[in-house]
Student: 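Once you've had a glance at the structure underneath, I'll fire off some questions.
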Amino acid sequence: DTAVSQTPKYLVTQMGNDKSIKCEQNLGHDTMYWYKQDSKKFLKIMFSYNNKELIINETVPNRFSPKSPDKAHLNLHINSLELGDSAVYFCASSRGQGIGGELFFGEGSRLTVL
Amino acid sequence: AQSVTQPDIHITVSEGASLELRCNYSYGATPYLFWYVQSPGQGLQLLLKYFSGDTLVQGIKGFEAEFKRSQSSFNLRKPSVHWSDAAEYFCAVGARDMRFGAGTRLTVKP
């Protein structure tokens with residue numbers, strides 16, 4: 001049983017399109033995250049939700065909009081895709097507000113913008 | 001602001017040799033420190049973590065790390081590397097918003 005699952009695993013799309021990535025966790029955690037990993041493997045936090053409430057919103061273009069319908073799900077919608085959005089996007093979850101807690105990661109969604 | 005530096009982008013070791021991956025951090029208070037491993041095409045998996053107490057922490061897969069406050073370091077070690085340890089290793093620091101280093105890629109020679 002996958003703890004943190006993301007779909008789709010691969011996305012290839014044209015510039016200007018809109019795409020969504022879905023994430024679900026079955027660990028009963030309260031906090032979920034989106035991280036972006038660029039081509040140099042650098043991991044950067046984008047957003048964090050605790051019990052459906054946005055608690056971290058890093059400097060991310062407003063073309064990126066997270067949505068958390070419930071505490072087990074955190075989706076990422078990206079409008080007007082640009083070449084620079086090509087990356088691997090990781091969803092993660094943690095217990096509580098993640099204070100000092102371990103992050104559990106999904107397997108990633110590789111987005112390629114052509 | 002908290003940050004993490006991993007000085008080595010790529011390290012190659014022979015199978016059976018010892019390993020040390022370096023990590024330096026910047027953090028305002030007592031840090032929460034982590035090491036994660038990422039195998040190709042996979043998400044990150046926690047190897048070990050330090051919150052407080054004993055500065056030498058043991059993790060999974062035979063890894064350990066030592067917290068040295070005076071050096072702001074949290075280096076990862078393994079006495080004898082196996083071919084299956086080849087992966088990307090990330091040091092991380094933080095509480096609510098975890099910050100990751102740039103990663104160190106480990107190659108294991110037969």
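Per chain, numbering begins at 1; letters A, B, ... match sequence-line order.
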Student: Hey, what do you get for CG (N51(A)) to CG (D30(A)), rounding to the nearest 0.5 Å?
Tutor: 4.5 Å
Student: Using non-hydrogen atoms and a 4.5 Å limit, figure out which bit of Q6(A) sits close to chain B: side chain, backbone, both or neither.
Tutor: neither
Student: By a 4.5 Å heavy-atom criterion (distance strictly below it), what part of E88(B) contacts chain A: side chain, backbone, both, or neither?
Tutor: side chain
Student: Under a 4.5 Å heavy-atom cutoff, which of Q38(B), R105(B), Q45(B) has the most pairs with chain A?
Tutor: Q38(B)
Student: Check this for me: does any side-chain nitrogen of one of E15(B) and K78(B) sit under 4.0 Å from a carboxylate oxygen of the other?
Tutor: no
Student: Do you know the tightest heavy-atom contact between S93(A) and H29(A)?
Tutor: OG-ND1, 2.8 Å
Student: Give a yes/no verdict on a cation-pi contact between K49(B) and F34(B), requiring under 6.0 Å between NZ or CZ and the six-membered ring centre and an angle within 45° of the axis.
Tutor: no
Student: For K44(A), which atoms come within 4.5 Å of any heavy atom of chain B: side chain, backbone, both, or neither?
Tutor: neither
